[in-house]
Amino acid sequence: MNKLIKFDNVYVEERASVVGKTEKAGPLSAYFDMCEEDEYFGTDTWEKAESEMTHRCLNLLMSKKKLKSDDIDLICGGDLLNQCVASSFGVKESGVPYLGLYGACSTFAEGVICASTFIKAGAINRGIAHASSHFCSAEKQYRFPLEYGGQRTPTSQNTVTGCGSLLLSTAPSPIRVKDGMVGRIVDAGITDVNNMGAAMAKAAADSLTEYFALSDKKASDFDIIATGDLGREGFEICCELLGDSIVGLKDKFTDCGMLIFDLEGQDVHAGGSGCGCSAVVTAGYFLNKLYMGEINNLLLLSTGALMNPTTVFQGQSISGIAHAVHFERNSVYA
Amino acid sequence: MNNADYKKYTTDRAKRSSCLLNSVKAFFVGGFICCIGQALFNLYLWWGADENTARTLVSVTLIFAAGLLTGIGVFDKIGKFSGAGTLVPITGFANAIAAPAIENKTEGKINGVCSKMFVMAGPVIVFGTLSSAIYGLVYYIVTKVL
Amino acid sequence: MLEYVRVFLVGGLICVLAQILIDKTAMTGARILVSYVVLGVILSGIGVYQRVVDFGGAGATVPIVGFGHALAEGTKKAVDETGLLGALTGGLTGTAAGITAAVVFAFLWSLMFKSRQK
């Protein structure tokens, strides 16, 4: 059994995050590299806007290290749009070899695990993992037109407009990707599209339990353990499902979807969701804490709800998945 | 916990919007829209229209207004507040046609605007037409055959 | 003035019933509208809805139930005039202005406006 993938030479060389205006108005605003007020990102369609956001995020990531496209061996990334077009159109211009991923909102951790594994295997030296989502393109594809006058339930979530990316390489740097675990699909039988948190909570609890069983680590080995986008509803369910089975989890357990917005002050119902949620909170906020030495160990558990509008109309249930990644501060290089 | 228990557990714990508050809002906004309709109806009568024409003109006016409010991005805010209060009057029907038409204009006139226009209002027209045809058949049998 | 109180009450109550269905059952807005239209045709057909209209005026005709009423009224009139063919022509004839207005205006709005995040 080899489900826990250990990395000994994978480092986070650089990170970048680009977000939209709702995220800018949220509590983590100061941690993001770029905040765009124009929801179209200077383009004329929502789909182009998301690709432009990805394009800007990747350019920013490379320019921070003064790298060119030729210096990057591989991009592993994805988004929520049909056929993963936001990423492929956003990456297109760079000319970097690209693997499009789809793991719903768990795509960010999926990308980090994939790129890290390529590096571990020696197949590449430097890779990028990224994930994006855009409120408007997601609403258009999954829900209602923006101008439609409907009401949302309190358990529904607000898709994050954001793209987060990490530059991973063998060059030693203060943040290391220590290990990762690919989650398994858990079908909890939920059919309510307005309660994605409940659909993913069981998968998150399953992956977390599995991770601690496989890794011989304890919750006390981490400073922050964060799920991707369970939102308040899903996070509370996940806590209740876990009970006291993981000792010491309670005081360090949090959720990116709850952190990115002000749940009381902003009209976001149960919190943030989307691929961009765990991507920008990790790339912008958590890794900043690791870099600054405020925390030393982070366990990210990006969560995804596996469905599309067709399967929902057919009455099929929404499955959940959660991938785990352990980021460690490497004080030797700090 | 098996899936049936889990579904029940998550459904039971899920907070619901306050039905009482929503109902009060729906009542006042819905009632208000209908009063606007009545005022317009009286206005058109006063201008010399017969009852049927006035009633039709009221629908057309409200459809125009609701669509315009949809276009300038106000209708969704009202709808979020009033729920069924704007959904159930003819304004909701107009919004359900205008909103996808505006949003999907990026895919062009044919594949965007026109083909997506009835994504939400289509079922209303289909079921309405279907039931009126069935009613027509029944009415024909009852009045002319029997 | 009493006229407007009746309009307000009838229109408001029709909306409240829909709101309760949305909040207390799993019914979506689309299902509510469909059910209301069919309900309008049925109530009109059995002669009940005309009485609601006589009492509540626009409070009964402006809600989508009134759209069903207009469909049924149109059908009835056409069947009276042309026989069975009226079952096919009457409904949309009775609601032609509403549907055409919605389509024409929506096309116009799509030319004038673009979608925005609030």
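A note on names: the letters A, B, ... follow the listed sequences, proteins ahead of strands, and every chain is numbered from 1.
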**Message:** Could you report the tightest heavy-atom contact between A:Asn195 and B:Thr10, atom names first, then the distance?
**Reply:** ND2-O, 4.1 Å

**Asked** Which residues from residues 231-240 of chain A are near chain B, with near meaning under 4.5 Å between non-hydrogen atoms?
**Response** A:Glu233, A:Glu236, A:Ile237, A:Glu240

**Asked** Which region of B:Thr11, side chain (C-beta onward) or backbone (N, CA, C, O), has a non-hydrogen atom less than 4.5 Å from a non-hydrogen atom of chain A, or is it both or neither?
**Response** neither

**Request:** Can you see which heavy atom on B:Asn95 is nearest to which on A:Gly149, and at what distance?
**Result:** OD1-N, 2.9 Å

**Prompt:** Side chains of A:Lys202 and B:Asn3: closer than 4.5 Å at any heavy-atom pair?
**Reply:** yes

**Request:** Check whether any side-chain heavy atom of B:Tyr6 sits under 4.5 Å from a side-chain heavy atom of A:Leu241, and report yes or no.
**Result:** yes

**Asked** So which residues of residues 103-131 of chain B are in contact with chain A at a heavy-atom cut-off of under 4.5 Å?
**Response** B:Glu103, B:Asn104, B:Thr106, B:Glu107, B:Met120

**Option that, when pairs with chain B are counted at under 4.5 Å, heavy atom only, ranks first among A:Ala199, A:Ala198, A:Ser317** = A:Ala198

**Item:** Proximal component of A:Ala201, with respect to chain B [non-hydrogen, under 4.5 Å]
**Value:** both

**Message:** Looking at A:Glu147 and B:Thr70, would you say the former's side chain and the latter's main chain have a donor-acceptor pair under 3.5 Å?
**Reply:** no

**Message:** Is A:Asp267 in contact with chain B via its backbone, its side chain, both, or neither, using a 4.5 Å heavy-atom distance?
**Reply:** side chain

**Message:** Heavy-atom cut-off 4.5 Å, strictly under: side chain, backbone, both or neither for B:Asn22 against chain A?
**Reply:** side chain

**Prompt:** Counting distance only, does the side-chain N/O of A:Tyr148 pair as donor-acceptor with the main-chain N or O of B:Ile97 below 3.5 Å?
**Reply:** no

**Message:** So for B:Phe81, is it side chain, backbone, both, or neither that comes closer than 4.5 Å to the heavy atoms of chain A?
**Reply:** backbone

**Item:** Selection from A:Thr45, A:Thr153, A:Leu146 maximising heavy-atom pairs under 4.5 Å formed with chain B
**Value:** A:Leu146

**Prompt:** Should the heavy atoms of other residues, nucleotides or ligands under 6.0 Å from CG of B:Asp12 be counted, would the total exceed 12?
**Reply:** yes

**Within 6.0 Å of OH in A:Tyr40, more than 12 heavy atoms from elsewhere** = yes

**Request:** Determine whether more than 12 heavy atoms belonging to other residues, nucleotides or ligands lie under 6.0 Å from atom NZ of B:Lys15.
**Result:** no

**Request:** Working to the nearest 0.5 Å, report the span between CD of A:Gln151 and OG of B:Ser82.
**Result:** 7.0 Å

**Prompt:** Tell me, side chain or backbone of A:Asp44 under 4.5 Å from chain B's heavy atoms, or both, or neither?
**Reply:** backbone

**Request:** Check the surroundings of atom OH in A:Tyr102: do more than 12 heavy atoms from other residues, nucleotides or ligands lie under 6.0 Å from it?
**Result:** yes

**Request:** Quick one: list whatever passes salt bridge (Lys or Arg N to Asp or Glu O under 4.0 Å) with A:Lys24, sequence neighbours left out.
**Result:** A:Glu37

**Request:** Identify the residues of residues 83-90 of chain B whose heavy atoms come closer than 4.5 Å to a heavy atom of chain A, ordered by number, or report 'none'.
**Result:** B:Gly83, B:Leu87

**Prompt:** With side chains defined as the heavy atoms from C-beta onward, is the minimum distance between A:Thr191 and B:Lys7 less than 4.5 Å?
**Reply:** yes

**Prompt:** Who among A:Gly189, A:Gly197, A:Ala270 has the most heavy-atom pairs with chain B under 4.5 Å?
**Reply:** A:Gly189

